[in-house]
Amino acid sequence: MHIPDGYLSPSTSVVLTGMMLPIWNRAARKVSARFDVGRVPLIAIGAAFSFVIMMINIPVPDGTTAHAVGGTLLAITLGPWAATLALSVATLIQALFFGDGGILAYGANALNMAVILPFAGYYIFRLIRGRSAPGSWRYYAAASVGAYVGIVLAGLATGFELGIQPALFHTAAGVPLYSPYGLKVALGAMAIAHFLVAGPVEAAVTGLALAYIFRTQPNMLAGEPGVAEATTTGAAAMDGRARPAYRALLVPLGILVVLTPIGLLAKGTAWGEWGLGELGDRLGYAPSGLVRLSAWWHSLLPDYTLGALEATGSKSGAILGYLVSGLVGLAVIGIIAGGLIIAGRRRTHAGPS
């Protein structure tokens with residue numbers, strides 16, 4: 001679902017980034033209006049979770065791969081606007097440091113994964129869950145269905161953005177300049193990947209993660225109707241004495257980091273994310289516009305690899321590269337969170353101007 005640079009025309013990228021600017025502004029205003037330094041670690045953990053879960057690739061029947069995002073989970077636990085910011089940070093780090101998604105295509109990727117996915121998933125969840133309490137089967141079912149539909153819609157949006165390129169941007173002879181596959185192929189490929197693989201995985205991840213959160217940190221769901229009646233073991237956490245103990249969330253996050261090399265077991269590349277060589281092998285040529293735009297940004301750890309070790313072709317080198325990449329991503333998220341905490345505390349101490 002991460003669109004690389006070159007697959008979208010510059011004008012498409014500009015339009016989609018322009019669409020994101022007011023959304024980012026509104027998200028920042030919404031979160032800032034209720035800014036609480038104590039919630040920054042939770043938002044950072046949400047961004048870190050999404051970053052890590054997207055590193056775990058899953059094989060798709062057509063020979064490509066897909067991955068979960070965790071967007072609906074973040075929208076339920078953080079609120080959809082905070083989820084937009086957390087997911088935007090995660091996708092930006094992926095693009096800047098790992099070449100997972102393009103810099104020019106960042107607005108498109110953020111629209112798909114940080115807006116369409118969490119908002120669609122969240123409001124479908126709200127519609128289905130009704131007044132059911134956290135911890136009930138209907139609550140988890142609503143979250144899972146919302147997650148499934150959210151990621152499917154995000155995938156189809158990606159397919160649409162890629163699929164319109166050949167019709168809009170081509171040479172006089174009709175040769176595509178950017179993404180070479182039309183709507184029928186692009187939408188079909190994204191539908192297969194997300195209806196059959198990414199959707200079920202996203203649904204399962206969301207349901208299981210919410211169940212874990214409810215058992216360990218029910219106060220994180222304190223704003224949900226009925227949560228006080230839904231648990232007695234969480235009563236101490238619900239009485240308002242303290243914010244969530246974020247350390248309990250770091251344990252599964254650490255486990256996921258260790259498990260990220262599982263993503264190396266999936267053979268193939270996610271549909272529409274091929275490099276020039278792989279795309280050239282598929283087509284027999286590389287679209288000229290794609291060639292021009294694809295290599296202008298050189299990431300630190302391209303494709304989550306350590307260059308020197310990757311050149312050896314060893315499995316241990318690939319695994320180490322994946323682990324180091326995961327740790328680098330988490331470190332960057334931690335630095336951003338630390339900066340927000342420092343700025344928030346200074347603002348609090350300074351008081352109103």
Side-chain angles (χ1 to χ4, degrees), residues 39 42-43 45-54 56 58 66-84 86-87 90 113-155 194-238 243-256 259:
R39 278 180 56 81
L42 180 58
I43 296 175
I45 290 173
F49 172 82
S50 180
F51 172 84
V52 171
I53 204 72
M54 285 192 277
I56 302 178
I58 308 155
H67 58 75
V69 176
T72 301
L73 172 66
L74 268 60
I76 293 171
T77 54
L78 303 176
W81 291 108
T84 291
L87 289 162
M113 288 183 280
V115 178
I116 294 174
L117 195 168
F119 273 89
Y122 178 75
Y123 283 107
I124 290 170
F125 157 75
R126 290 283 301 271
L127 178 66
I128 296 175
R129 64 79 57 97
R131 298 179 64 84
S132 60
S136 67
W137 71 267
R138 183 171 175 177
Y139 182 90
Y140 295 133
S144 296
V145 171
Y148 180 91
V149 175
I151 198 169
V152 166
L153 291 178
H194 291 82
F195 274 107
L196 298 183
V197 178
V201 172
E202 183 87 355
V205 166
T206 301
L208 291 172
L210 281 174
Y212 175 82
I213 291 170
F214 183 73
R215 287 177 62 87
T216 61
Q217 300 298 320
N219 52 321
M220 284 179 59
L221 305 175
E224 296 289 335
V227 72
E229 293 80 17
T231 179
T232 54
T233 58
M238 295 293 296
R243 296 186 178 95
Y246 301 118
R247 291 178 183 176
L249 301 178
L250 296 177
V251 174
L253 181 61
I255 293 173
L256 282 175
L259 293 178

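In this chain, residues are counted from 1 in sequence order.
If you take CD on E202 and CD1 on I58, they are separated by 9.5 Å, rounding to the nearest 0.5 Å. Of the inter-residue distances, the one linking S50 atom OG with L117 atom CG reads 8.5 Å to the nearest 0.5 angstrom. For the atom pair I45 CD1 and L250 CG, the distance stands at 4.5 Å (nearest 0.5 Å).
Using a 4.5 Å heavy-atom cutoff, the side chains of L253 and V52 are in contact. The shortest side-chain heavy-atom distance between F125 and T206 does not fall under the 4.5 Å cut-off. Taking the side chain as every heavy atom from C-beta outward, M113 and P118 never approach each other to under 4.5 Å. The closest side-chain heavy-atom distance from I128 to Y139 is not below 4.5 Å. By the 4.5 Å heavy-atom criterion applied to side chains, I151 and H194 are counted as neighbours. Within the 4.5 Å cutoff, the side chain of L42 has heavy atoms near those of the L249 side chain.
Between S132 and S136 the shortest heavy-atom distance is CB-OG, 3.6 Å. Minimum heavy-atom separation, L87 to A114: CB-CB, 3.6 Å. Heavy-atom minimum distance, A147 versus A203: CB-CA, 4.1 Å.
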Please tabulate, for the side chains in residues 66-80, all donor-acceptor contacts under 3.5 angstrom to protein atoms that are two or more places apart in sequence or on a different chain.
{"unit_1": "H67", "atom_1": "NE2", "unit_2": "H2", "atom_2": "ND1", "d": "3.3"}
{"unit_1": "T77", "atom_1": "OG1", "unit_2": "L73", "atom_2": "O", "d": "2.9"}
{"unit_1": "T77", "atom_1": "OG1", "unit_2": "L74", "atom_2": "O", "d": "3.4"}

Step-by-step side chain to side chain contact (heavy atoms under 4.5 Å, CB included) determination, F49 to V205: CA-CA 11 Å; F49 172 82; V205 166; 3.7 Å; yes
Determine, step by step, whether W81 and F119 satisfy the ring-ring contact (aromatic ring centres under 6.0 Å, His included) criterion, reporting the C-alpha distance in whole Å, the side-chain angles of both residues, the deciding distance to 0.1 Å, and the verdict. CA-CA 8 Å; W81 291 108; F119 273 89; 4.9 Å; yes
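Considering only residues two or more places apart in sequence or on other chains, Y140 meets the ring-ring contact (aromatic ring centres under 6.0 Å, His included) condition with none of them.
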